[in-house]
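Reviewing the structure listed below.
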Amino acid sequence: MSTTPVIPVILCGGSGTRLWPLSRSGFPKQFLVLSGDDSSQSLFQQAITRINSIASPDIHLGSTFIVTNEDHRFLALDQLRELTGIEATLLLEPVGRNTAPALTLAALEAKEGVGDGFADPILVITPADQTVKNTAAFTQALRDCVAIVDADQSKCTIAILGITPTSPETGYGYIKRTGTAGAHHEYTVETFVEKPNVATAQSYLADGSYLWNSGMFVMRASTWLSALKEFRADIFGATETAWVGKTVDQSGSTAFVRPDKAVFQTIPSESIDYAVIEKCPGSQYTVKMLELDAGWNDLGAWDAVWQVGKQDGQGNVTTGDVLLANTNNSLIHATSRLVSVVGVDDLIVVETADAVMVAHRSSSQDVKHIVNQLEAQQREEKNLHRKVARPWGWYDSVDEGERFKVKRIQVKPGASLSLQMHHHRAEHWIVVKGVAEITNGDQVILLSENQSTYIPLGQTHRLANPGVLPLEIIEVQSGSYLGEDDIVRFEDTYGRS
């Protein structure tokens with residue numbers, strides 16, 4: 001029996017500003033554990049698991065392509081390693097250019113071939129930040145989409161999942177279907193419409209032929225490239241040029257593919273829909289829509305997180321250390337301390353170690369205005385949490401004042417920080433767990449629990465974990481300037497400068 005070659009593509013960009021303060025540009029929403037079928041998995045991990053579930057005797061899955069920002073490569077890699085049986089290629093964007101260039105990178109990689117029979121595979125494309133309650137229905141719908149695309153010998157068919165609308169939602173684009181259903185219950189797409197106002201959305205719901213646009217597509221790699229070349233030759237040309245200048249390196253079994261940065265920055269920023277999909281009806285390219293009724297949500301704002309969360313008898317969704325009294329239909333997310341809420345309805349309260357956000361549920365889309373203010377004031381709370389993930393582990397800035405800062409630092413087994421020095425600060429290190437290998441100038445020493453050392457200002461140094469258990473230290477910085485940019489790196493395992 002012949003099998004259809006299929007490559008899963010996860011679009012893992014975006015910063016999720018409407019889910020601040022949990023989602024930040026340095027740790028965006030797709031890497032968060034928010035909700036869904038498996039509460040222990042991030043949205044990114046759920047997306048990978050779901051899309052790989054379409055493998056069958058008729059579908060031969062290749063390596064999963066993940067398109068993400070260069071700055072998020074180690075977040076993605078760490079979360080990939082927590083999944084079993086997943087082979088992946090990371091296509092790293094030096095800057096965000098929306099989803100059309102991102103998909104083009106995946107199509108170009110696919111066209112190069114990743115094995116026999118994969119010269120022009122079918123791409124199954126999904127964002128990394130959605131939830132689906134009925135995985136079986138989702139899997140079957142994507143398998144049907146693959147069959148629809150595979151049956152078209154002209155390679156001019158694109159399949160899209162349309163979501164059964166449950167309310168007059170104004171935050172989604174809509175798809176209007178036409179004609180009669182095909183063999184897989186698919187319909188031809190007549191037109192795509194933008195996010196409507198409430199009255200228009202209500203008319204779409206009453207009409208019955210409009211569905212929400214899920215942003216999930218199925219098409220051959222060659223179909224996307226030829227359609228993009230026809231409709232947006234500027235995006236195609238610039239992305240292809242950036243691709244020709246790519247570099248490739250490995251991290252274990254995972255490949256890192258980097259397009260040329262200077263060229264990639266010149267690519268126009270455009271979405272898959274605007275660049276190609278919305279232009280297809282009436283052209284040589286046919287868009288077929290399959291309806292999906294599977295408890296889908298794109299978690300675009302905190303109200304959506306409340307909707308898909310596990311509600312108690314009063315309609316509240318809580319996470320962390322939360323106490324409630326006379327409170328209804330609210331979402332309370334506590335990260336680092338007790339949060340108590342009394343006598344309120346329809347609120348969103350999100351607490352992190354360095355920020356608290358309170359909003360009415362009906363205004364949760366407007367959290368982005370707070371993020372805009374943070375950006376205008378150049379506040380670090382827009383970008384990073386107090387606890388910051390790094391490829392070697394993490395650090396948590398627990399206290400700071402004039403001329404000092406205190407951090408908890410954890411280093412993974414076998415990992416090390418860069419060989420570095422600082423112009424403006426000295427550091428004191430105290431080992432509280434594990435064994436530390438410390439380079440301090442010309443000396444290399446081993447320290448165990450309760451031992452300490454001092455790194456003078458200007459001294460070349462490195463912290464490494466030679467053990468099999470995590471290393472944890474307390475770092476006390478002192479000096480005239482304590483910013484993270486006061487680092488001169490001489491050697492770095494992770495390619496940072």
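The structure displayed is predicted, hence computed values, not measured ones. For this chain, numbers begin at 1 and follow the sequence in order.
Between the S330 side chain and the D346 main chain, a donor and an acceptor come within less than 3.5 Å of each other. A donor-acceptor pair under 3.5 Å is formed between the side chain of D298 and the backbone N or O of G300. Under the 3.5 Å distance criterion, the side-chain polar atoms of R18 are left unmatched by any main-chain donor or acceptor of W302. In this structure, N316 contributes its side chain and T327 its backbone to a donor-acceptor pair below 3.5 Å. In this structure, the side chain of T17 does not engage the main chain of V371 through any donor-acceptor pair within 3.5 Å.
Counting only heavy atoms from C-beta outward, the side chains of D78 and K412 approach each other to under 4.5 Å. Within the 4.5 Å cutoff, the side chain of I348 has heavy atoms near those of the M357 side chain. Under the 4.5 Å side-chain criterion, counting only non-hydrogen atoms from C-beta, F264 is not in contact with L92. In this structure the side chain of L211 reaches within 4.5 angstrom of the side chain of M289, judged on heavy atoms. A heavy-atom distance below 4.5 Å is found between the side chains of I474 and V406. The closest side-chain heavy-atom distance from L22 to K29 is not below 4.5 Å. Looking at I66 and F44, their side chains come closer than 4.5 Å, going by heavy atoms from C-beta outward. Within the 4.5 Å cutoff, side-chain heavy atoms of E381 are placed close to those of R24.
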Derivation of the side-chain hydrogen bond (donor to acceptor under 3.5 Å, both in side chains) call for E351 and S336: CA-CA 7 Å; E351 176 273 335; S336 63; 2.5 Å; yes

field: Stepwise side-chain contact (heavy atoms from CB on, under 4.5 Å) check, R403 with S478
entry: CA-CA 5 Å; R403 297 183 63 88; S478 60; 6.0 Å; no

query: Could you go step by step and tell me if I163 and Q130 meet the side-chain contact (heavy atoms from CB on, under 4.5 Å) rule?
result: CA-CA 12 Å; I163 305 300; Q130 301 180 346; over 6 Å; no

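Under a cut-off of 6.0 angstrom, the local environment of CD in E87 is sparse, with at most 12 non-hydrogen atoms contributed by other residues, nucleotides or ligands. Residue-environment remark: CD (Q377) exceeds the threshold of 12 foreign heavy atoms within 6.0 Å. Within 6.0 Å of atom CZ in R337, more than 12 heavy atoms from other residues, nucleotides or ligands are found, so the atom counts as buried in its surroundings.
The residue from W212, Y172, Y210 that alone fulfils the ring pair (Phe, Tyr, Trp, His ring centres under 6.0 Å) condition with Y204 is Y210. No option in S362, S364, S363 other than S362 meets the side-chain hydrogen bond (donor to acceptor under 3.5 Å, both in side chains) test with H360.
With respect to E291 and R177, a salt bridge is recorded, a charged nitrogen being found less than 4.0 Å from a carboxylate O.
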